[in-house]
Structure formats: structure tokens, C-alpha cells
Amino acid sequence: MGWGFRQMFNAIRCADCVRCRRAFPTRYNQPVPELPEVETVARSVDERVRGDQILDVWFSSHTQPFKTPPEVLASGLLGRVFLAVHRSGKHIVCELGPVQAALRNNPTFLTKARKNSPPIEPQNPVPEAQWIVHLGMTGRLLVADPATPAPPHTHARLTLSSGKELRFVDPRRFGRLDYKDLRLSEAFLTPGSEPLAIAPKAFAALFRNRRLPIKAALLNQSLLAGVGNIYADESLFRAGIRPRRIAGRLSRAELESLRHALQQVLRRAIRLGGSSVSDYVNAAGEPGFFQMEHCVYQRTGLPCRRCGATIRRIAIAGRSSHYCPHCQR
DNA sequence: ATATGGCCCTGGTTGC
DNA sequence: TGCAACCAGGGCCATA
């Protein structure tokens, strides 16, 4: 009893953790990538690889991360230039230009050209292909020095003309790598609406006549793209709505308050992530969302920050849901 | 058509 | 103390 080995170990690790300064050792595992995290990663990667040409590729022998087979990925990516990287739902979409053999033979060309901003314009700026990365639960997209040993669970390494290396690392292998040749198929598009852009009327229409809990509806990516467990719980708290409420029975006012809360939470999280975006990929993938103060998520048994009531945890559609029984009705 | 639940995965944590 | 069981959840698929 008392001060066991385990508690001591945790305490040491926590005291050493300058970044999070949390009292609870369980808090500093990597957050599950949702819309704000994916947005942050996409912006960061865009900043670092725009204009870079893919000179070489390497893929792990695991099958799960590859929605598109590695051979197809390899032949599709080689020689192409990153035109832009952006987010669509929880997906990171890399827009790729046509294969440029000349640049392939002259790797230093791009490096020099990039120093004179704005970034160089490829001959044909119209994307010809897309590399689509889904981070799953534990996936990370890192820009690294090729000399740095690749961490365990690295599934993809792209050698870039600027001398950097783009790496996809994913221990749990829930992430997916996909590829679209835009000459053969339509551009990638998430079926769900963009939560940050959706208007009140369209938002309300998503849930009309739906007979499932609002929490389950928020997690449905074909309705809203990018909302995961954390921000679903947090936005329901801010809107004062219990997660088990049937989506189709919410009033117009409740839905509008939910939309507002959701957008507020997502924007704030993007701001917080963005504040540390500059060192995101260099700092061993340490993301910047520790500042985000959760009101209910993973606060089971703790007092509500607003009213002091005890936060409860229930399961909805196989996912844990956290709520305040007093603030949420 | 629409909603639900099992499954895939590993690492951190808990229980014995 | 050390090992095994458990839990976390995004997306996909089978089932009701």
C-alpha cells in the first residue's frame, strides 16, 4: 500500500513532463486525431512539402495501412510534386502535379527555388493525382531528416527533393493510405458536410427524422465529416444537450446551439494546435493540444467545471460518452 | 433504408 | 512483483 513502485514511476514521469504539467499521468498520451488535429497536421505538412518532388518511396510489409496497394502507390507517387496539402473531414489530401522527370534529375533545383518565396509554380499547376492519408487513431505524418532513424511502426517513407523525408507512422494500424489518379477517377470527397462551414438550415436538416442518439449522429462521418468522440462530447456539453437525446427530437434552437458550440470548440482547438504547429513535426510528433481544457471528456467522476456535479460516463453506439447530469438535459 | 454491434490493432493501465 | 487481461476508438462490414 501507499507509495508503490507504479505510483512513483508515474509521478517521476509526470514531474518530468514539462509539456503537459498534468497531475494525471494518463493524460499525456497522444490525442486521437479529429478535425482540429488533422487540420493542424495538414497545414504543417503543406508548409514543409509544398513544391517538393517525390524521388523515392518505401513501404512496410503490413497490409492494413494500404487502402491502395503499395505497388500502385509507389508507381503513382514517384516523380510527382506536392502542389498543396489540405484537410477534408479527417483525411489529409495531398494534391500532386504531373510527373516531372527533369526535376527528378536535379534534386537541388527545388531546394534553391523554394528559398525565393512565393513557392515555385510547376509548369502545370492542375493536380493530376491525390495521396490521401487517414491517421486513424494513432497515425502521424512526420517530416524528418532521413538520417534520423525511423521510429517503430513506420509504414511509409517518401524521399523528397529538398532532402527531407515524409514519414507515415502508425502503431495501431487503423490509419489508411489511399491514392486517386484524377485522370481516371473523381477527386476525393468526404460524404459528410464540413462542420466549420455548414449553415444552420443544412445542419438542422442532417438530423431531421433521425432516430438515433445525437451523440451517435455527430460521430457519423457521412453526416458531418471530422467530428470524433472528444469534440462530440465537448460540444454537447457546451450546448447543454444530453448525448442520449434522439437526434430527430431536438428543437431548432437546440440544434442551432449545438452547431454554434461545435464550431466554437473546433475553432478553439485549431487555434491551440496551431500555436505549436511550428515544431509539431520536429518534436517527435508531440502535438500541441494539451492546452485544450476538456469540460467532460475523460473527466468521469470529477466535478463539472461549471456546476460541480459529478461527470458521468455512459456507452453510446459502442463509444464512451461523458456528460454533466446537471448542465445537460 | 437505417441503425447497431463486432472486429481490427498496440500500448498503457489495471487486476490478480 | 510480474504477468495477463482489459480498454481506448475510427471506419468498415455484417446483421437486424
Side-chain angles (χ1 to χ4, degrees), chain A residues 1-14 17 20 22-39 41 60-68 87-92 132-141 151-155 168-178 188-192 195 205-234 243-249 284-286 289 294 296-301 313-322:
Chain A
M1 293 299 285
W3 200 244
F5 168 79
R6 189 176 294 142
Q7 285 85 354
M8 208 160 73
F9 179 67
N10 283 340
I12 290 165
R13 288 222 302 184
C14 213
C17 183
C20 72
R22 292 270 185 170
F24 306 102
T26 53
R27 288 284 189 275
Y28 51 83
N29 45 357
Q30 188 194 353
V32 176
E34 296 188 24
L35 188 151
E37 289 82 355
V38 177
E39 175 76 29
V41 174
S60 77
S61 56
H62 287 102
T63 56
Q64 298 94 340
F66 300 98
K67 197 167 179 180
T68 297
R87 175 192 64 80
S88 177
K90 284 181 204 171
H91 298 262
I92 298 165
I132 301 125
V133 179
H134 193 291
L135 300 175
M137 283 184 67
T138 53
R140 296 186 312 206
L141 202 53
H153 310 294
T154 298
H155 299 292
F168 176 66
V169 183
D170 185 13
R172 227 168 282 185
R173 306 210 286 269
F174 279 11
R176 293 292 179 265
L177 302 179
D178 200 0
F188 174 82
L189 196 66
T190 46
L206 290 178
F207 305 104
R208 201 163 292 144
N209 298 327
R210 298 267 169 189
R211 303 214 47 79
L212 76 170
I214 183 65
K215 171 64 185 289
L218 283 174
L219 293 180
N220 186 338
Q221 299 297 299
S222 58
L223 296 178
L224 284 171
V227 182
N229 213 24
I230 300 171
Y231 299 104
D233 277 5
E234 292 301 317
R244 263 215 241 275
R245 293 274 304 282
I246 299 301
R249 296 232 183 102
E286 198 64 75
F289 291 89
H294 297 141
V296 288
Y297 183 73
Q298 284 192 344
R299 298 196 72 246
T300 313
R313 177 185 170 280
I314 54 172
I316 297 172
R319 298 281 180 268
S320 65
S321 292
H322 314 75

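Note that this is a predicted model, so its numbers are computed, not measured. Order of the sequence lines sets the chain letters (A, B, ...), proteins ahead of strands, with each chain counted from 1.
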A/R172 CZ to B/dC9 P, straight-line distance once rounded to whole Å: 13 Å
A/L224 and A/F207, any side-chain heavy atoms less than 4.5 Å apart: yes
Validation row: A/R249, A/R211 side chains within 4.5 angstrom (heavy atoms): yes
Whole angstrom value for the distance that separates P of C/dG9 from CD1 of A/I314: 13 Å
Nearest heavy atoms of A/A216 and A/L212, plus distance in Å: CB-CD1, 3.7 Å
Pairwise side-chain contact, A/H91 with A/T190, heavy-atom cut-off 4.5 Å (strictly under): yes
Heavy-atom pair of closest approach, residues A/I316 and A/R244: CD1-CG, 3.7 Å
A/H322 and A/Y297 aromatic ring geometry - parallel, tilted or perpendicular at 30°/60° bounds: perpendicular
Any A/H153 side-chain N or O less than 4.0 Å from OP1/OP2 of B/dG11: yes
Which residues share a salt bridge (Lys or Arg N to Asp or Glu O under 4.0 Å) with A/D233, sequence neighbours left out: A/K215
Protein-nucleotide distance (A/Q298, atom CD; B/dG12, atom P), rounded to Å: 15 Å
Summary of protein contacts for nucleotides 11-16 of chain C, nucleotide by nucleotide, where a base hit scores B, a sugar-phosphate-only hit scores S (4.0 Å, heavy atoms): BS----
Residue list, side-chain contact (heavy atoms from CB on, under 4.5 Å) with A/F174, at least two apart or on another chain: A/M137
Residue pair A/Q64 / A/D170, side-chain heavy-atom distance below 4.5 Å: no
Side-chain N,O (A/T138) to OP1/OP2 (B/dG11) below 4.0 Å: no
A/E34 CD - C/dA8 C1' separation (whole Å): 13 Å
N or O in side chain of A/Y297 less than 4.0 angstrom from C/dG9 OP1/OP2: yes
Between P of C/dG9 and CG of A/D170, the distance in whole Å: 16 Å
Test item: A/E234 side-chain N/O and A/H294 main-chain N/O as donor-acceptor pair under 3.5 Å: no
Rounded to 10 degrees, the angle between the two terminal axes of the helix from B/dT2-C/dA16 to B/dC16-C/dG2, each from five pairs: 60°
Whole-Å distance separating the CG atom of A/L223 from the C1' atom of C/dG10: 15 Å
Between the protein and nucleotides 1-5 of chain B, list the N/O to N/O atom pairs that are separated by less than 3.5 angstrom.
unit_1: B/dA3; atom_1: OP1; unit_2: A/R211; atom_2: N; d: 3.2
unit_1: B/dA3; atom_1: OP2; unit_2: A/R210; atom_2: NH1; d: 3.0

By salt bridge (Lys or Arg N to Asp or Glu O under 4.0 Å) - contacts of A/R245 (at least two apart): A/E254
Touch class at under 4.0 angstrom, heavy-atom based, for A/R208 against every strand present: nothing
Closest to side chain of A/Q64, choosing from C/dA8, B/dC8, B/dG11: B/dC8
